[in-house]
Amino acid sequence: MIYLPTRVFFGAGALLKAADHILRLGVRPLLVTGRSGARRSGALDDLTVVLDRAGLAWELFEQVEENPSLETVMAGAEKLRECGCDYLIGIGGGSPMDAAKAISLAAANALGRDELYQTDKFRSSFPLVAIPTTAGTGTEVTQYSVLTNAKTGIKAGFGHDLAFPRLAVCDPRYTLSLDPIVTLNTALDALSHLLEGIYSNKRDPLLYPLIHSGAKAILYHLKPVLENPADLNGRSELLRASLYGGITIAQTSTTLQHSLGYPLTTTLGLPHGLSNAIVMRPVLDLYYPALQEELDALFAVLGLGRSEFYAWLEDLPFETSLDLSADFIEKSVGEVLGSRNMANNPFEISAGQIRDIYRGLRCLIPLL
Ligand code: NAP
Ligand code: FE
């Protein structure tokens, strides 16, 4: 079963094609962004031209930090209420788009900070437009929002159909301004989502053509884009892969791989995509015997074997050095076991297997 309620506009100039649909959603949008990405990408300027020409009064909430906190979501919901906004436009990487989803639900359902994960209280949401400026999360087509509780240091997501954006506007030109490190990290996040579409116990062969095509796009275009950041065709392929990754996890959810990555982000401050990249090989090793047929079918499409895939990964411009303390590992094992995504693994994962993966990490830090 596939459920995909988001109308997707893709390609250079996507915003103009989507304009009529955006303008029909309401009269006063709240634009939700991070501090710089929406402007640097050019997306914010393009959007405000469209809104201004239509004579719409819009409001801006530009305080979303990386790995958005519950407090930021509450501040955004307060702003939405104060300004009387009737829909939202999230512009940026996964952080602002996820924050926009949670702001919409918090404001529409008058939720308090401690109720943001209580999806049984979700009755309605404000319409949301998502405009990605990174190529990685695919959150423009998912029902998930991943938030960080600053008090506990725990990062966790919620999923609800009311969180699906109404529209996704995916223009690869908005990713041209990404620096090589964010380009690399976010592409590896997309690759994680595609692989997890195979690992998940909700995997569906209907999705395999998207998974195969998305993974192939990353394999063929990531390194050329890192060498030539202005490669618009390569950028477009990476954004397409990210979109396919989002469509995939909207159906299958994420798995152990994302659960292992969250403590690396919250405790060590590693970016989300890098955290996934670090655990990609050990997770694939763990799952391979149980999913050999599905994974070999993917490698056949990629035109390489598993060891060559690992060689491709190793050849990415990451440098190795990370020393995980015993304390970090013990604390994280508990967090991983308690994470929602663990319900989606292809077989039950033990504390010992998690501990072994963390202990065996030879870390990757971007060299670029
Ligand atoms: P991000 O945290 O949104 O952004 C990373 C950095 O890139 C920020 O410094 C941002 O700047 C900058 N940036 C964004 N677009 C740019 C552009 N076009 N040019 C220059 N700089 C730009 O990173 P992300 O990897 O896209 O999102 C990660 C978040 O998404 C995590 O919280 C992760 O858990 C979540 N996620 C959600 C889903 C889902 O389905 N909901 C799936 C995967 C991941 P500013 O902050 O200054 O704007
Ligand atoms: Fe992710």
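All residue numbers in this chain count up from 1 along the given sequence. Both ligands and their constituent atoms are indexed starting at 1 by order of listing.
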Item to check | Contact atoms of ligand 1, heavy-atom distance to S177 under 4.0 Å | outcome: 17 (C), 18 (N), 19 (N), 20 (C)
Checklist entry - Taking distance alone, with no angle check, do T137 and ligand 1 share an N/O pair under 3.5 Å? => result no
Checklist entry - Do D171 and L15 come close enough that some side-chain heavy atom pair is under 4.5 Å? => result no
Checklist entry - Rounded to the nearest 0.5 Å, how far apart are CG of L239 and CZ of F10? => result 4.5 Å
Item to check | Protein residue, atom and distance nearest to atom 23 (O) of ligand 1, heavy-atom basis | outcome: G94 N, 4.2 Å
Checklist entry - Does the R203 side chain pair with the main chain of S200, one donor and one acceptor, at a distance under 3.5 Å? => result yes
Item to check | Side-chain donor/acceptor of D204 to backbone N/O of L207, under 3.5 Å | outcome: no
Item to check | Residues E82, K79: salt bridge by 4.0 Å N-O rule | outcome: no
Next on the checklist: Per the side chain to side chain donor-acceptor pair (under 3.5 Å) rule, what does the pair list look like for residues 218-231, sequence neighbours excluded?
Outcome noted: K223-D315
Checklist entry - Hey, which protein N/O/S atoms does the Fe ion (ligand 2) have under 2.8 Å? => result D189 OD1, H193 NE2, H258 NE2, H272 NE2
Checklist entry - Does Y144 reach ligand 1 with a nitrogen or oxygen that is under 3.5 Å from one of the ligand's nitrogen or oxygen atoms? => result yes
Checklist entry - Yes or no on side chain to side chain donor-acceptor pair (under 3.5 Å) for S339 and S259, after CA distance, side-chain angles and deciding distance? => result CA-CA 6 Å; S339 137; S259 302; 2.7 Å; yes
Checklist entry - How are the rings of F164 and Y3 set to each other: parallel, tilted or perpendicular (split at 30° and 60°)? => result perpendicular
Checklist entry - Is any heavy atom of the protein nearer than 4.0 Å to atom 10 (C) of ligand 1? => result no
Checklist entry - Can you check whether P263's main-chain N or O pairs, donor with acceptor, with K331's side chain at less than 3.5 Å? => result no
Next on the checklist: I'd like to check which ligand 1 atoms, numbered from 1 as shown, lie under 4.0 Å from a non-hydrogen atom of G34.
Outcome noted: 48 (O)
Item to check | Qualifying residue, where the test is side-chain contact (heavy atoms from CB on, under 4.5 Å) with L128 and the options are L88, L167, L162 | outcome: L88
Checklist entry - Which is closest to atom 38 (C) of ligand 1 by heavy-atom distance: T33, T139, L176, L147? => result T139
Checklist entry - Under the 3.5 angstrom rule, does the side chain of S253 hit a backbone N or O of I249 as a donor-acceptor pair? => result no
Checklist outcome for this item: Here the atoms of ligand 1 under 4.0 Å from any heavy atom belonging to P96 are 3 (O)
Item to check | Numbered atoms of ligand 1 (with element) below 4.0 Å of G93, judged on heavy atoms | outcome: 3 (O), 26 (O)
Next on the checklist: If the cut-off is 4.0 Å to any non-hydrogen atom of Y174, which atoms of ligand 1 fall inside it?
Outcome noted: 18 (N)
Next on the checklist: Can you name the atoms of ligand 1, numbered from 1 with element, that are less than 4.0 Å from a heavy atom of K155?
Outcome noted: 31 (C), 32 (O), 33 (C), 34 (O)
Checklist outcome for this item: When distances are taken from atom 35 (C) of ligand 1, the protein heavy atom at minimum range is D98 OD2, 3.5 Å
Next on the checklist: Can you name the atoms of ligand 1, numbered from 1 with element, that are less than 4.0 Å from a heavy atom of R40?
Outcome noted: 20 (C), 21 (N)
Checklist entry - Are E330 and R355 ion-paired here, with the side-chain N under 4.0 Å from a carboxylate O? => result yes
Checklist entry - If only atom types and distance count, is the side chain of N344 paired as donor or acceptor with the main-chain N or O of T255 below 3.5 Å? => result no
Checklist entry - Judged by non-hydrogen atoms, does H193 sit under 4.0 Å from ligand 1? => result yes
Checklist entry - With atoms numbered from 1 as shown, which atoms in ligand 1 lie under 4.0 angstrom from a non-hydrogen atom of N67? => result 31 (C), 32 (O)
